[in-house]
Amino acid sequence: MSSYPLDTAMQDDTQLPPSHDDEAYDPLHDAPGIEFVVEDVDFELADATALTDWIERVAAVHEHKIVQLTYIFCSDEYLHRVNVEYLDHDTYTDVITFDNADDADIIEGDVFISVERVRENAQSHNVSFRDELHRVMIHGVLHLLGYKDKDLLSQTAMRKKEDDCLSLRTF
């Protein structure tokens with residue numbers, strides 16, 4: 001099993017960071033319930049429509065409805081600041097998930113992703129940037145579906161779930 005950097009899942013009532021500010025807001029795609037935003041990196045998301053369809057399919061397989069899901073693509077430093085300010089963790093990570101849902105069968109949240117960290121992970125694990133990005137994106141969704149990864153057993157189960165979800169891609 002590879003040792004990927006672990007993300008931090010936020011699932012309490014701590015005040016959440018804004019997913020964007022009006023000046024820096026740059027939506028790549030805005031489908032009902034799913035939004036892709038770039039904050040402080042030069043990044044273009046490929047296959048946004050196909051990604052949206054895939055993420056919605058994963059939610060449906062898990063009997064959840066996406067009410068609002070925002071992906072925020074950012075730099076290592078941006079995500080580090082979020083990690084320090086909102087979670088009091090002075091570490092770098094690839095993804096942080098904030099769960100905003102009040103009901104168990106809906107997905108409502110923000111998934112912050114460090115594009116730089118994903119690129120480094122892809123190189124170190126000898127996988128494509130695209131596949132690593134999709135793994136991290138669906139990892140955030142799995143947290144919003146209730147999956148955890150705090151211990152070795154749950155990390156192994158999460159990795160299997162990620163692989164199952166990745167196999168649902170049709171693009």
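This structure is a prediction, so every number in the text was calculated from the model and none was measured.
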Minimum heavy-atom distance Ala104-His64, with the two atoms named: O-NE2, 2.7 Å
For the student: nearest non-hydrogen atoms of Asp163 and Arg135, plus distance: OD1-NH2, 2.8 Å
So, for Val95 and Leu79, which heavy atoms are closest and what is the spacing to 0.1 Å? N-CD2, 3.9 Å
Main chain of Met137, side chain of Tyr71: is a donor-acceptor contact present, judged purely on distance under 3.5 Å? yes
Before accepting this row, confirm whether a basic side-chain N of the pair Glu116/Arg119 lies closer than 4.0 Å to the acidic partner's carboxylate O. no
With rounding to the nearest 0.5 Å, note down the distance linking CD1 in Ile106 to CD in Gln68. 10.5 Å
Looking at every heavy atom in both Val111 and Leu144, which two are closest together, and how far apart are they? CG2-CD1, 4.2 Å
Counting only N and O atoms by type, is there a donor-acceptor contact under 3.5 Å from the side chain of His80 to the main-chain atoms of Ser75? no
Apply side chain to side chain contact (heavy atoms under 4.5 Å, CB included) to Trp54 and Leu166, showing your working. CA-CA 9 Å; Trp54 170 57; Leu166 289 168; 3.9 Å; yes
Side chain proximity check, Glu56 to Ile66, heavy atoms < 4.5 angstrom: yes
Report the C-alpha separation of Cys165 and His62 in whole Å, then their side-chain angles, then the decisive distance to 0.1 Å, and conclude whether the side chain to side chain contact (heavy atoms under 4.5 Å, CB included) test is met. CA-CA 10 Å; Cys165 292; His62 289 86; 4.2 Å; yes
Establish whether Phe171 and Leu168 are linked, either directly or via other cluster members, by ILVMFWY side-chain heavy-atom contacts under 4.5 Å. yes
Option among Asp42, Asp76, Val41 that satisfies the side-chain contact (heavy atoms from CB on, under 4.5 Å) test with Val115: Val41
Of all heavy-atom pairs linking Ile107 and Ala59, the shortest is CD1-CB, 3.8 Å
When rounded to the nearest 0.5 Å, the distance separating CG of Asp47 from CZ of Arg130 is 6.0 Å
I would like to know whether Thr70 and Phe98 meet side chain to side chain contact (heavy atoms under 4.5 Å, CB included); could you show each step before the answer? CA-CA 10 Å; Thr70 303; Phe98 291 94; over 6 Å; no
Smallest heavy-atom separation, Met158 atom then Lys148 atom, equals CE-O, 4.0 Å
What's the separation between atom CG in Asp40 and atom CD1 in Ile72, rounded to the nearest 0.5 Å? 12.0 Å
Pair Arg169-Asp131, salt bridge (charged side-chain N to carboxylate O under 4.0 Å, His left out): steps then yes or no: CA-CA 11 Å; Arg169 292 180 299 182; Asp131 284 347; 3.0 Å; yes
Would a 4.5 Å heavy-atom cut-off, applied to side chains only, mark Glu44 and Phe73 as touching? no
Given the rule in the side chain to side chain contact (heavy atoms under 4.5 Å, CB included) test, do Leu45 and Leu133 qualify, once you have shown the distances and angles that lead to the verdict? CA-CA 10 Å; Leu45 185 65; Leu133 179 64; 3.9 Å; yes
Could you grab the distance from atom CG of Asp149 to atom CG of Leu142, nearest 0.5 Å is fine? 9.5 Å
Would you call the rings of Phe43 and Phe129 parallel, tilted or perpendicular, taking 30° and 60° as the class edges? perpendicular
Side-chain contact, heavy-atom cut-off 4.5 Å: Leu51 with His134? yes
Taking atom types as modelled, find out whether His139 and Asp94 have a side-chain donor-acceptor pair closer than 3.5 angstrom. no
Connected via hydrophobic side-chain network under 4.5 Å: Val84 and Ile96: no
